[in-house]
Amino acid sequence: METKYFYQDLDAAGERLNGGHYYTVTFSRGMLPPVKGFWSLTLYNEYHFFAPNTLNRYSLGTKNRNLQYESDGSLTLYVQAEPPEEEKLPNWLPAPETDFTLYLRTYWPKTDILENRWTPPPVKRIK
C-alpha cells in the first residue's frame, strides 16, 4: 500500500471540528507517523476544499523543515482560525471560521500503520 489516510471530523470529545475553537494535535516523542515516505496533516473546509488563508498553508508535516519541537521531543500542531503566539507560528495550521475536516496522510506507511498498531493522536479542543 502506497498511502493510508486518517480522516477526522470530530475532536477528542466527539464534537464537530469548527474554526470557532482552538485545537492541538500532539505527537509524543517517537510517535510521529511511521512512514518510509512522508506524512502530512491537511485541512479541508466544510466543502472538502482547501480553506483560503493568509499563509497559503494547507498542511503541516515532514516537508515543513521549521516545525518547532517541545523540549521533551514531542510535536504539537495548532489548528485554529486565529494565529497563535509568535513562537508557535511554524506549527500553525490555519482553519476557517466554519466546520472543517483534518486528514492525516501517510505515504509509504510502515507495518505499524498497515497492521493498525499505530493510530493518530486525538484532536484536542483547548479553547
Please say whether more than 12 non-hydrogen atoms of neighbouring residues, nucleotides or ligands are located less than 6.0 Å from [atom1] in [X].
X     : atom1 : result
Lys4  : NZ    : yes
Arg16 : CZ    : yes
Glu86 : CD    : no

Gap separating the CH2 atom of Trp92 from the CD atom of Glu82, nearest 0.5 angstrom
7.5 Å
Atom pair OG1 (Thr111) and NZ (Lys36), whose distance is rounded to the nearest 0.5 Å:
6.0 Å
For a 4.5 angstrom cut-off between non-hydrogen side-chain atoms, does [X] reach [Y]?
X      : Y     : value
Phe49  : Tyr44 : no
Leu102 : Tyr23 : no
Leu89  : Pro84 : yes
Asp11  : Leu17 : yes

Please name the residue in the list Phe27, Tyr107, Tyr103 that meets the ring pair (Phe, Tyr, Trp, His ring centres under 6.0 Å) test with Trp39.
Phe27
Single-linkage hydrophobic cluster, 4.5 Å side-chain cutoff, [X] and [Y] together:
X     : Y     : value
Leu93 : Leu32 : yes
Leu67 : Phe38 : no
Leu10 : Val25 : no

Check against side chain to side chain contact (heavy atoms under 4.5 Å, CB included), Tyr22 and Arg125
CA-CA 6 Å; Tyr22 293 40; Arg125 182 174 153 184; over 6 Å; no
Looking only at non-hydrogen atoms, find the nearest pair between Thr101 and His48 and report the distance.
OG1-CE1, 3.9 Å
Between Asn91 and Leu60, which heavy-atom pair has the shortest distance, and what is it?
O-CD1, 3.3 Å
Verdict with reasoning, Asn56 to Phe50, per side chain to side chain contact (heavy atoms under 4.5 Å, CB included):
CA-CA 9 Å; Asn56 292 320; Phe50 288 141; over 6 Å; no
Does the separation of the ring centres of Trp118 and Phe6 fall below 6.0 angstrom?
yes
Please list every donor-acceptor pair under 3.5 Å in which a side-chain atom of residues 71-79 meets a protein atom from a residue at least two apart or in another chain.
{"unit_1": "Asp72", "atom_1": "OD1", "unit_2": "Ser74", "atom_2": "N", "d": "2.9"}
{"unit_1": "Asp72", "atom_1": "OD1", "unit_2": "Ser74", "atom_2": "OG", "d": "2.7"}
{"unit_1": "Thr76", "atom_1": "OG1", "unit_2": "Thr26", "atom_2": "OG1", "d": "2.9"}

